[in-house]
Amino acid sequence: MEEWWWLWHASLTVVALMFMTPEASAHPDQGQKALEEKVRQLMDWTKRDRVMRMNTATFNHFVLEKPRNYSVIAMFTALQRFRSCAPCRLAVEEFQILAGSWQFSSAFSNKVFFAMLDFDESPEVFKTLQVKGGPVVLHLPAKSKFTAADIYNFQVRDISAQHMFAWADDRTGRWMGNFTTRQPIHFHYPFKLGISLALIGGLVYVLKWKRTFIFSKNFWAVLALCFVILMSSGRMWIHIRGAPFAESKTHTGQTHYIQDTYFFQYVAEMYIISLFYMCITLGMVLLNTAATSRMNMIRRKIMSVTGMCLVVFFFSWLLSFVRIKYHVYPFRILMN
């Protein structure tokens, strides 16, 4: 495996050198004007999109063709769902954080640009540079020769904006040295603080004036259920991973509260799943109460119908939620 990896490095270096060998311009003035126009277009593009999503034509024009006095850090990925590239989405998110941090830093200049290419949109570029899989990040230098060190190897490096920054800063000649990565804002902290204060205030009130709840079986049953529902909804995973409440996609401007991959989860998803679990639990309690209580028949029928509707509808929505996260999940009840 190690031999194949270095063989790929060598072949990629040869191909890149073929396209990056400096060429003497027959018309220096025309070359300078062409370079200034390319830089202007790239700056305008970067203001709209932190990561420029290129196709074969734009990549050839802005990266492979001369003149060029700027470095390009390009991510090669495969984001189509049928590709099932789990690391690709995580790598793109960290790459977006890195590019956004560079754009809003005081060191921002026209010496470094960030680009992204998808295999299904630009297979010719993948073939030209002999990129056989994703995610892969390449540093395409302005003047120096392309080497194996210009490849960010995800097999031995973390999928992290901070690690990619250290690598990019080194490869670009310290052009990026005066900024830090801007991580997503975790909006759920104020919400957690409010919930904690409300719980503490309620506990103080109950302990001071109504202490009989300590001996109540219903209280401890509800408390145990809340704990189980919270943990089953992914609370501990979110705490360990430090997932954000939601995330805004820079290329669309839309805020996403549900991550459509099975290996990642937002805080908003935890609240949605918790709501589903609570409604299903309430439906089961109503069904059990209707079957065992001695209330009049009408009230028992109402409780039975309500409990059945809660269980069926919210369990169906829960399965639909799973299908959003894991697209080949086969089970459903009422909805797709």
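Along the sequence shown, the residues carry numbers beginning at 1.
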For side chain to side chain contact (heavy atoms under 4.5 Å, CB included), just list the numbers for Tyr257 and Tyr271, CA-CA rounded to whole Å, side-chain angles, deciding distance to a tenth of an Å, and then say yes or no. CA-CA 10 Å; Tyr257 298 96; Tyr271 294 139; over 6 Å; no
Using atom types as modelled and distance alone, determine if a side-chain donor or acceptor of [X] lies under 3.5 Å from a backbone N or O of [Y].
X: Ser316; Y: Leu334; answer: yes
X: Glu94; Y: His163; answer: no
X: Thr58; Y: Asn55; answer: yes
X: Trp237; Y: Gln265; answer: no

Supply the atom-to-atom distance [X] [atom1] to [Y] [atom2], rounded to the nearest 0.5 angstrom.
X: Met52; Y: Thr46; atom1: CE; atom2: OG1; result: 4.5 Å
X: Phe314; Y: Ser320; atom1: CZ; atom2: OG; result: 12.5 Å
X: Ile200; Y: Ile195; atom1: CD1; atom2: CD1; result: 11.5 Å
X: Thr147; Y: His139; atom1: OG1; atom2: NE2; result: 9.5 Å
X: Ile229; Y: Arg235; atom1: CD1; atom2: CZ; result: 15.5 Å
X: Leu319; Y: Ile333; atom1: CG; atom2: CD1; result: 5.0 Å

According to the salt bridge (charged side-chain N to carboxylate O under 4.0 Å, His left out) rule, which pairs have a member within [range], sequence neighbours left out?
range: residues 304-316; answer: none
range: residues 278-296; answer: none
range: residues 267-276; answer: Glu269-Lys325

Check: [Y] and [X] side chains under 4.5 Å, non-hydrogen atoms:
X: Leu98; Y: Trp167; result: no
X: Met164; Y: Ile73; result: no
X: Cys226; Y: Val222; result: yes
X: Met75; Y: Tyr152; result: no
X: Asn69; Y: Lys38; result: no
X: Met43; Y: Phe113; result: yes
X: Ser293; Y: Arg300; result: yes
X: Leu140; Y: Phe146; result: yes

If every non-hydrogen atom of [X] is compared with every non-hydrogen atom of [Y], which pair is closest and at what distance?
X: Ala91; Y: Ile159; result: CA-CG2, 3.4 Å
X: Ser71; Y: Ala142; result: OG-N, 3.6 Å
X: Ser122; Y: Thr56; result: OG-N, 3.4 Å
X: Leu117; Y: Ala74; result: CD1-CB, 4.3 Å
X: Ala115; Y: Val51; result: C-CG1, 3.8 Å
X: Thr77; Y: Phe126; result: O-CZ, 3.5 Å

Non-neighbouring partners of [X] that pass side chain to side chain contact (heavy atoms under 4.5 Å, CB included), sequence neighbours left out:
X: Pro123; answer: Phe119
X: Leu223; answer: Phe219, Trp220
X: Gln41; answer: Glu37, His61, Phe62
X: Tyr326; answer: Tyr262, Val328, Tyr329

Which other residues belong to the hydrophobic cluster containing Ile302, where Ile, Leu, Val, Met, Phe, Trp and Tyr are joined when side-chain heavy atoms lie under 4.5 Å apart, directly or via other members?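 Result for Ile302 is Ile298.
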Classify the ring geometry of Trp317 against Phe313: parallel below 30°, tilted from 30° to 60°, perpendicular beyond 60°. tilted
Do the rings of Phe276 and Phe321 sit parallel, tilted or perpendicular, given the 30° and 60° boundaries? perpendicular
Who pairs with Trp45 by ring pair (Phe, Tyr, Trp, His ring centres under 6.0 Å), at least two apart in sequence or on another chain?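 Listed in chain order: nothing, the list is empty.
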Pairing residues for Lys301 by the salt bridge (charged side-chain N to carboxylate O under 4.0 Å, His left out) criterion, not counting sequence neighbours: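 With neighbours one apart ignored, the set is empty.
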Can you sort out the partners of Glu121 under salt bridge (charged side-chain N to carboxylate O under 4.0 Å, His left out), two or more places apart, ordered by chain and number?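 Counting only residues at least two positions away or on another chain, Glu121 forms a salt bridge (charged side-chain N to carboxylate O under 4.0 Å, His left out) with Arg53.
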Give a yes or no on whether [X] and [Y] share a hydrophobic cluster (residues Ile, Leu, Val, Met, Phe, Trp, Tyr; joining criterion: side-chain heavy atoms under 4.5 Å apart).
X: Leu225; Y: Leu199; answer: no
X: Ile258; Y: Tyr266; answer: yes
X: Leu64; Y: Val39; answer: yes

Can you tell whether the side chains of Arg40 and Asp44 come within less than 4.0 Å, N to carboxylate O?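 Salt bridge between Arg40 and Asp44, a charged N being under 4.0 Å from a carboxylate O: yes.
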Is it the case that more than 12 heavy atoms not belonging to Met308 sit under 6.0 Å from its CE atom? no
Intermediate values then yes/no, side chain to side chain contact (heavy atoms under 4.5 Å, CB included), Phe76 and Val125: CA-CA 9 Å; Phe76 296 79; Val125 178; 3.7 Å; yes
Which donor-acceptor pairs under 3.5 Å do side chains of residues 279-292 form with protein atoms, sequence neighbours excluded?
| unit_1 | atom_1 | unit_2 | atom_2 | d |
| --- | --- | --- | --- | --- |
| Thr281 | OG1 | Tyr277 | O | 2.8 |
| Thr289 | OG1 | Val285 | O | 2.8 |
| Thr292 | OG1 | Asn288 | O | 2.8 |

